[in-house]
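In what follows, a structure is listed as structure tokens, so that the remarks can point back to it.
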Amino acid sequence: MTYRLSQLKAIWEAEKKQGIPLRKKLFLYFASLICGLLAVIIIVLNFAGILNPTEATFQRLLSAQSVASLSYIKHNTSTLSTNAVSFSQKLSNDIKKTLSAKSMNFEDLEHNPQALKDIQNNTFNTVYTYMQLTPASGAFYYLNTSGKQTNNSYSGLYLKFKNLCDENTINTDVSMYHGISSVARENKISLNSTWTLETEKGVYDEIDTMMAHPSDKISPDPLMTTLYQLPGTWEHAFFVCTPIQNDKKEVIGVCGFEINSLYFKYIYKNSVSDTEHMILTVFSDKDDSYRGIISEYTATSIISAEGHFNYVNSSPFDLFRVNKEKYIGKTQSFSVGGSSHYSAVIVPYSYYSYLENRTNLLIFSTFILITTAAIACCSILSRRYIDPILHNIEELKQRTLDKENLRIPEIVDLLEFLEQNDKEHEKKLIDLEKQKQLAEQEAARIQTELDRIIDKRKKELSTDNIDHFMSNLITLTPREKDVFNLYLEGYSGKEIIEKLGFTNNALKYHNKNIYAKLGVTSRKELMQYAAILKQKNHNKTIS
């Protein structure tokens with residue numbers, strides 16, 4: 001043990017006598033300096049917005065969730081649109097059969113309550129069935145006629161689910177929102193608390209537009225309306241609707257499905273991630289204002305805001321304001337038939353701001369700690385190591401330093417290393433010059449060989465054949481010239497078929513004509529003549 005200690009002491013004394021190598025001194029100094037610079041860079045990048053993990057995380061999450069939610073919305077609206085078209089066709093057939101059985105025309109329904117009742121009785125099962133089969137909170141149809149004398153309303157049947165508790169509507173009670181009350185009684189369903197016989201014109205703009213436009217100018221495709229508040233209720237709803245046409249393609253009514261705010265929250269509650277602060281919204285632009293449904297599903301409650309709100313497309317986040325609350329999010333556009341809408345996944349700005357401030361505080365605290373430690377280390381190391389080194393270097397420049405007392409062994413080693421390197425570099429330069437000469441000789445040999453091969457190919461092809469090839473280029477048709485030029489550019493037969501839109505037989509036909517006109521028998525021989533053509537500087541594209 002004593003021997004080991006004496007060895008360690010001897011090593012320490014030798015190291016002390018020789019001095020600490022410059023490498024170690026500079027390592028300690030620059031390590032401290034880098035720590036300080038790193039802290040400064042972190043804080044600068046953070047305040048410049050480049051290094052902001054909160055912002056980057058929210059951008060990534062919102063963008064990904066926005067795309068996923070849009071896909072879910074498109075799937076549902078596609079199902080609604082498909083069912084709406086089928087619904088329209090079935091209603092058209094039901095109405096046609098009812099009118100035919102009574103030997104009536106559609107115009108005879110005007111101011112005819114009994115005939116309208118028969119229509120509603122015969123279409124009740126269709127409306128009820130499609131409402132059960134479709135992911136919606138209700139189903140309806142309005143006919144461009146009225147049983148009233150005022151002619152200011154639409155007669156039709158409008159059924160709704162009542163007491164919704166989730167998106168599963170199986171065995172959920174149904175009520176009548178619009179329609180003839182006796183039809184409800186005969187089919188054993190209740191009247192909605194805000195029931196009316198008919199719906200007034202002017203309530204739903206898109207439906208009025210479908211009713212009023214001539215058949216040849218109205219799109220038969222389904223569309224989704226803007227958000228409306230249902231008359232006499234607290235409910236807000238979108239409608240996916242399509243026109244009902246008779247055999248003459250005349251618009252006699254409109255039918256579709258209702259997605260009210262409550263059903264919207266239930267059906268889309270799982271379309272956003274498990275982050276409790278994420279909210280899904282669907283809205284549309286109308287008369288320079290935005291209307292839509294914003295809902296947040298939590299374990300305890302459903303929070304919503306329907307109707308008008310402010311929206312600004314911005315970067316890095318879109319901005320929303322609902323009442324007094326601010327939100328940020330990512331927006332995606334989508335369309336249903338001829339109607340354009342938006343979907344967005346948003347989070348409360350207060351939640352985002354809280355996380356961002358917490359992150360900034362953490363970064364700032366880390367910066368203070370790193371900077372303080374770096375400054376302390378730099379100060380200590382500078383006084384203890386760097387100042388003596390600079391003093392010795394200054395004495396060495398003034399030639400007042402005793403070289404025996406110079407404790408910078410790396411400088412001596414560096415000078416010896418540089419001298420040795422000079423010798424090795426000189427030797428390498430000589431070797432490189434020899435390699436250059438050999439490379440130039442090899443290049444000259446290869447060029448000679450290439451020239452010999454080309455001359456050999458020229459001899460293999462007769463002068464008459466070459467002249468025949470050159471002179472008959474002008475006989476090619478424009479389409480044959482296109483094929484010929486693509487061959488010259490290196491395209492394969494399959495690529496030429498794709499580029500020019502040929503069939504395989506068409507290409508074979510053009511190849512046959514080209515070979516016959518130019519006097520060649522194969523593509524290989526064609527390319528040999530083409531090589532000679534390029535060598536003679538006649539490689540311009542055939543015009």
Side-chain angles (χ1 to χ4, degrees), residues 87-88 91-92 94-96 98-124 126-127 138-160 174-187 189-215 217-218 223 225-246 248-258 260 286-287 291:
F87 186 28
S88 172
L91 286 172
S92 179
D94 291 345
I95 295 169
K96 177 183 176 181
T98 303
L99 293 175
S100 178
K102 292 181 173 293
S103 301
M104 297 175 63
N105 295 319
F106 183 79
E107 291 76 11
D108 298 329
L109 295 175
E110 192 77 25
H111 313 314
N112 192 339
Q114 182 58 47
L116 289 172
K117 178 184 176 182
D118 293 338
I119 292 288
Q120 291 186 20
N121 269 324
N122 291 337
T123 56
F124 179 88
T126 297
V127 178
F140 70 93
Y141 73 84
Y142 294 133
L143 298 179
N144 196 9
T145 187
S146 173
K148 298 180 179 180
Q149 297 299 320
T150 59
N151 293 327
N152 196 36
S153 58
Y154 300 124
S155 175
L157 195 57
Y158 192 150
L159 303 183
K160 290 171 57 68
V174 175
S175 65
M176 177 185 285
Y177 180 49
H178 294 311
I180 299 174
S181 59
S182 59
V183 175
R185 289 193 299 270
E186 291 172 9
N187 288 278
I189 65 171
S190 62
L191 295 179
N192 191 277
S193 60
T194 57
W195 168 87
T196 57
L197 176 63
E198 297 182 350
T199 188
E200 298 297 319
K201 295 181 179 179
V203 175
Y204 309 117
D205 294 342
E206 291 88 347
I207 291 177
D208 289 339
T209 300
M210 285 186 178
M211 294 286 198
H213 276 62
S215 302
K217 294 184 179 180
I218 192 73
L223 59 81
T225 68
T226 55
L227 186 72
Y228 288 100
Q229 183 170 2
L230 300 183
T233 75
W234 56 266
E235 293 182 76
H236 289 75
F238 293 106
F239 300 101
V240 176
C241 52
T242 192
I244 304 172
Q245 297 176 315
N246 59 17
K248 298 178 181 180
K249 299 302 180 182
E250 296 171 338
V251 177
I252 60 174
V254 174
C255 68
F257 303 102
E258 170 204 279
N260 66 18
K286 182 179 181 182
D287 299 329
R291 293 176 59 85

Handout entry: Val254 and Phe239: CA distance, side-chain angles, deciding distance, side-chain contact (heavy atoms from CB on, under 4.5 Å) verdict
Key = CA-CA 11 Å; Val254 174; Phe239 300 101; over 6 Å; no
Handout entry: Working for side-chain contact (heavy atoms from CB on, under 4.5 Å), residues Ile180 and Leu197
Key = CA-CA 6 Å; Ile180 299 174; Leu197 176 63; 3.8 Å; yes
Handout entry: Check against side-chain contact (heavy atoms from CB on, under 4.5 Å), Leu230 and Tyr158
Key = CA-CA 12 Å; Leu230 300 183; Tyr158 192 150; 4.1 Å; yes
Problem - Test log, rule side-chain contact (heavy atoms from CB on, under 4.5 Å), inputs Met211 and Lys201 - result: CA-CA 10 Å; Met211 294 286 198; Lys201 295 181 179 179; over 6 Å; no
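Here Thr145 contributes atom OG1 and Leu109 contributes atom CG; the two are 5.5 Å apart, rounded to the nearest 0.5 Å. Between the CE atom of Met210 and the CD1 atom of Ile244 there is a distance of 10.5 Å, given to the nearest 0.5 Å. Here OG of Ser155 is found 13.0 Å from NZ of Lys117. Values are rounded to the nearest 0.5 Å. Between the CG atom of Asn187 and the CE atom of Met176 there is a distance of 7.5 Å, given to the nearest 0.5 Å. Atom CG of Asn152 sits about 10.5 Å away from atom OG1 of Thr199, to the nearest 0.5 Å. Here CD1 of Ile207 is found 10.0 Å from SG of Cys255. Values are rounded to the nearest 0.5 Å.
Put simply, the side chain of Glu258 never gets that close to the backbone of Phe140: no donor and acceptor are under 3.5 Å apart. When atom types are taken as modelled, the side chain of Asn246 and the backbone of Lys248 share a donor-acceptor pair closer than 3.5 angstrom. A donor-acceptor pair under 3.5 Å is formed between the side chain of Tyr228 and the backbone N or O of Asp205. In this structure a side-chain-to-backbone donor-acceptor pair under 3.5 Å is present from Gln229 to Thr233. Checking side-chain atoms of Glu206 against main-chain N and O of Leu223 turns up no donor-acceptor pair under 3.5 Å. Using modelled atom types, no side-chain atom of Ser92 and backbone atom of Ser88 make a donor-acceptor pair closer than 3.5 Å. Under the 3.5 Å distance criterion, the side-chain polar atoms of His111 are matched with a main-chain donor or acceptor of Lys148.
Side-chain atoms of Tyr204 and Thr225 include no donor-acceptor pair closer than 3.5 Å. Side chains of Ser175 and Ser190: no donor on one and acceptor on the other come within 3.5 Å. Looking only at atom types and distance, the side chain of Tyr142 has no donor-acceptor partner in the side chain of Asp208 under 3.5 Å away.
In terms of heavy atoms, Phe257 sits closest to Ala139 at CD2-CB, 3.8 Å. A pairwise comparison of heavy atoms in Glu198 and Tyr154 identifies CB-O, 3.1 Å as the closest pair. Across every non-hydrogen atom of Thr194 and Gly232, the tightest pair is CG2-O, 2.8 Å. For the residue pair Pro113 and Gly147, the shortest heavy atom distance occurs at CG-O, 4.1 Å. Here the closest heavy-atom approach between residue Gln245 and residue Lys249 is recorded as NE2-O, 3.5 Å.
Residues Phe124 and Ile189 form a side-chain contact, since some pair of their non-hydrogen atoms from C-beta on lies under 4.5 Å apart. Between Asp108 and Lys102, every side-chain heavy-atom pair lies at or beyond the 4.5 Å cut-off. Within the 4.5 Å cutoff, no side-chain heavy atoms of Asn144 are placed close to those of Ile252. The closest side-chain heavy-atom distance from Val127 to Phe87 is below 4.5 Å. Here the side chains of Glu200 and Pro231 are not in contact, with every heavy-atom distance at 4.5 Å or above.
Considering Thr123, Ile95, Leu157 in turn, Ile95 is the only one that fulfils the side-chain contact (heavy atoms from CB on, under 4.5 Å) rule with Leu143.
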